[in-house]
Amino acid sequence: MALRLHDSLTRRLQDLRRPNPDDAKDVFTFYCCGPTVYAPAHIGNFRTFVVNDVLRRLLELEYGAAKVRHVRNLTDVDDRTIGQAKKEGRPLGDITRHWTKLFHEDCAALNCLVPHAEPTATGYIKEQVNMIEVLLQKGNAYRAADGSVYFKLSTFPEYGGLSRIRERELQVTNTVADADHKDSVSDFALWKAYKPEEDGDVRWPGPDGAAPGRPGWHIECSAMSKALLGDTIDLHSGGVDLLFPHHENEIAQSQCCNGTTFARHWYHSEHLLVDGTTMSKSKGNYYTLRDLLDQGYSAPAVRYALLAGHPRKQLNFTLDSLHAAESAIRTLHAYRATLPTTEDVNDVFRPVQEALHDDLNTPAAFGALFTIINRRETDATRASFDRALFALGLDLDAASPAQTTAPSAVTALAEQRWAAKQAKDFAAADALRKEITAAGWSMLDRKDGYTLEPVKK
RNA sequence: GGUGCGGUAGCCAAGUGGUAAGGCCGAGCUCUGCAAAAGCUCUAUUCGGCGGUUCGAUUCCGCCCCGCACCUCCA
């Protein structure tokens, strides 16, 4: 079954295809909008990246790992990054390096495959400037009085096709008096002229005839995808919030500059909610991966919880859903141990991949997974199970709670209780169990000994 | 106001014009001295409300109620 995915532009399910499957050099090109590195990424951000990671895995299973090229950018210069640098009184690069490192750590913990390239906006200034110059030459952009460059929306009649927002509606809603020098309020910035009071020392030489400054946000993705993947990419994805204006603007810039289709397929994943509303700093209702790990939840459980709802539906995140995820993962872990390591004759877990191939239906995939498990298929092997888990990106071994060692006082109590139990002095054994529990540890009796684990919350 | 999405068991969540996957929680049982783990079994005559189409609708259509998101730099 081909990989079918909802396309945001046509609003239909469409098969994802390599345009030239007979060409050995042809690869499937996949661009996903990445994070802005100025603060910790919250798990809402990671819903997008985890969903896209499943997509990447499916593409690899479908075409072969060598036939997929996945690019995800890092926005390391914009109002927010500059604002954060200014606030902390540190160079912009310090801030963005710091948050990039933490972002990568979280990605690794969530078992996301590393993109083939992770370009940064500051690493592609020249490409962005070049693109702006082409747009100026073609008449799709103009220089403003302050030296900024804007995209002239009226030169691209197809604008709004993705978001279905018409220009006149934009103007109605644009109530903020625009302080800059646009011809039309709908026009968006390609290049922002340097403002000493706001930008500190962040500036580059601008496009021909423009002032020094920095690129606008939207142009970076257009320039980096062009540089790394070519004029037309097979799949472009991101969170729904990017649909307008970011992706709409990317289409306008890229298609006017390159004269060809920008992306063959658009995919947007929905938001993660907390307490029924979207996460945000101002509401104070967001979680970071670190928060959850510190509370004792495992990264695979977080990944599971993020995939527990259909990616194109809003998902309300709760600690209950994390508990459920932890339990489900324990079941998977125990089940895996029962599977033979023999070669598989029937791919009994095939329905899991099929569910994923049907518009990335992750909840249905989990359903299929457990249905098969509950059937106790005699043909099930570890290899077929692991293939299913690979597609979902679940690393079960990483789910085992951190092997914290009990304090010596607790170990001593445990030794005493074990001895008492061997001597069949059950009254003493029970009393010692209580003490151990009171100290925050569970003593789990095994056949030939015992293990100690922190008491579960 | 515009655009889009959704309302399915205690919680989460798939799905279909032909009579409701799955996970969690809970209950019972088995096994263990106890506990835990593991295994087995059970848990929606019903899919926001009211109409319509149909032999038949949770699934299609209309209206209504409720919730959420986006509307210029938020994944």
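So you know, we letter chains A, B, ... as the sequences are listed, proteins then strands, and number each from 1. In what follows, every heavy atom counts, from backbone to side chain, and hydrogens, waters and symmetry copies are set aside.
- Checking B:A36, B:A75, B:G33 against the side-chain heavy atoms of A:L444 singles out B:A36 as nearest.
- Residue contacts shown for A:G239 are limited to sugar-phosphate atoms, with no base heavy atom under 4.0 Å away.
- The phosphate of B:C25 (OP1 or OP2) has a side-chain N or O of A:S327 nearer than 4.0 angstrom.
- Ring-to-base geometry places A:F426 in a stacked arrangement with B:G33 (centre distance under 5.5 Å, plane angle under 30°).
- At a cut-off of 3.5 Å, with distance as the only test, no side-chain donor of A:Y267 or A:N52 sits close to an acceptor on the other residue.
- Side-chain contact check for A:Q14 and A:T10: at least one donor-acceptor pair (N or O, by modelled atom type) lies under 3.5 Å.
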key: Intermediate values then yes/no, ring pair (Phe, Tyr, Trp, His ring centres under 6.0 Å), A:Y287 and A:F317   = CA-CA 10 Å; A:Y287 294 97; A:F317 181 83; 5.4 Å; yes

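- Using modelled atom types, one finds a donor on one side chain and an acceptor on the other under 3.5 Å when comparing A:D146 with A:S148.
- In summary, the side chains of A:Y450 and A:E415 do present a donor paired with an acceptor at a separation below 3.5 Å, with no hydrogens or angles considered.
- In RNA chain B, runs of at least 3 consecutive Watson-Crick or G-U pairs, each pair with both distances below 3.5 Å, span B:1-7 with B:65-71, B:10-12 with B:22-24, B:26-30 with B:38-42, B:48-52 with B:60-64.
- What separates CG of A:N249 from P of B:C71 is a distance of 13 Å, to the nearest Å.
- There is no side-chain donor-acceptor pair under 3.5 Å between A:H218 and A:E248.
- Checking B:G23, B:C70, B:A21 against every side-chain atom of A:T371, the shortest atom distance belongs to B:A21.
- A gap of 26 Å separates the C1' atoms of B:C5 and B:G10, to the nearest Å.
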request  = Decide yes or no on ring pair (Phe, Tyr, Trp, His ring centres under 6.0 Å) for A:F151 and A:Y142, but give the supporting numbers first.
outcome  = CA-CA 7 Å; A:F151 185 89; A:Y142 59 91; 9.2 Å; no

Got a list of protein N/O to nucleotides 8-13 of chain B N/O distances below 3.5 Å?
none

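- Nucleotides B:A20 and B:C47 place their P atoms 12 Å apart, quoted to the nearest Å.
- Evaluated for a salt bridge (Lys or Arg N to Asp or Glu O under 4.0 Å) with A:D359, the options A:R4, A:R12, A:K313, A:R312 yield exactly one hit, A:R312.
- Taking the six-membered ring where the residue is Trp, A:W266 and A:H236 present parallel rings, their angle staying beneath 30° rather than reaching 60°.
- One can place CG of A:L74 at 21 Å from P of B:C73, the figure rounded to the nearest angstrom.
- Here A:N374 lies in heavy-atom contact (under 4.0 Å) with sugar-phosphate atoms only.
- Contact annotation for A:R312: no contact, since no heavy-atom pair falls under 4.0 Å across all strands.
- At the heavy-atom level, A:R417 lies under 4.0 Å from base atoms of the strands shown.
- Nucleic acid contact class of A:N361 (heavy atoms, under 4.0 Å, all strands): sugar-phosphate only.
- Each of A:D241, A:T48, A:T277 was evaluated against A:H271; a single residue qualifies, A:D241, per the side chain to side chain donor-acceptor pair (under 3.5 Å) test.
- With ring centers used as reference points, A:F46 lies under 6.0 Å from A:F103.
- Between B:A35, B:U72, B:C24, one nucleotide has an atom nearer to the side chain of A:A324 than all others, and that is B:C24.
- Here, B:U43 and B:C25 have their C1' atoms 11 Å apart, quoted to the whole Å.
- Across all strands shown, A:D78 has no heavy atoms under 4.0 Å from either base or sugar-phosphate atoms.
- A distance of about 16 Å separates the C1' atoms of B:C68 and B:C74, rounded to the whole Å.
- Between the CZ atom of A:F46 and the P atom of B:A75 there is a distance of 11 Å, given to the nearest Å.
- For B:A75, its base never sits under 3.5 Å from the side chain of A:R47 at any donor and acceptor pair.
- Looking at heavy-atom distances under 4.0 Å, A:S269 makes no contact with the nucleic acid at all.
- At least one cation-pi condition fails for A:R72 and A:Y31: the charged atom is not both under 6.0 angstrom from the six-membered ring centre and inside a 45 degree cone around its axis.
- For B:C74, the OP1/OP2 oxygens have a side-chain nitrogen or oxygen of A:R80 closer than 4.0 Å.
- OP1 or OP2 of B:C24 lies within a sub-4.0 Å distance of a side-chain N or O belonging to A:T331.
- When heavy atoms are screened at a 4.0 angstrom cut-off, A:K424 is found touching no nucleic acid atom at all.
- Taking the centre and axis of the six-membered ring of A:F349, the NZ or CZ atom of A:R387 falls outside the cone set by 45° and 6.0 Å.
- Separating the NE2 atom of A:H247 from the C1' atom of B:C71 is a distance of 16 Å, rounded to the nearest angstrom.
- Positionally, the nearest nucleotide of RNA chain B for A:A328 lies more toward the 5' end than for the other of A:G216 and A:A328.
- As judged by a 4.0 angstrom heavy-atom cut-off over every strand, A:H271 is placed among the base-contacting residues.
- Remark on RNA chain B: of its neighbouring residues A:Y335 and A:F366, the 5'-side contact belongs to A:F366, judged by nearest-heavy-atom nucleotide.
- Annotation: B:G15 and B:G51 have their P atoms spaced 28 Å apart (nearest Å).
- Within 4.0 Å (heavy atoms only), A:L273 reaches sugar-phosphate atoms of the nucleic acid but no base atom.
- One can place CG of A:L162 at 13 Å from P of B:G4, the figure rounded to the nearest angstrom.
- Of all nucleotides listed (B:C40, B:C34, B:A75), B:C40 comes nearest to the side chain of A:R376.
- Rounding to whole angstrom units, CD of residue A:E248 and P of B:U3 are separated by 15 Å.
- In this structure, A:H218 atom NE2 and B:U72 atom C1' are separated by 6 Å, rounded to whole Å.
- Rounded to whole Å, atom P of B:A69 lies 13 Å from atom CE of A:M279.
- Contact annotation for A:T277: backbone-only contact, meaning every heavy-atom pair under 4.0 Å involves sugar-phosphate atoms and none involves a base.
- Rounded to whole Å, the C1' atom of B:G26 lies 26 Å from the corresponding atom of B:U58.
- The P atoms of B:C63 and B:U59 are separated by 15 Å, rounded to the nearest whole Å.
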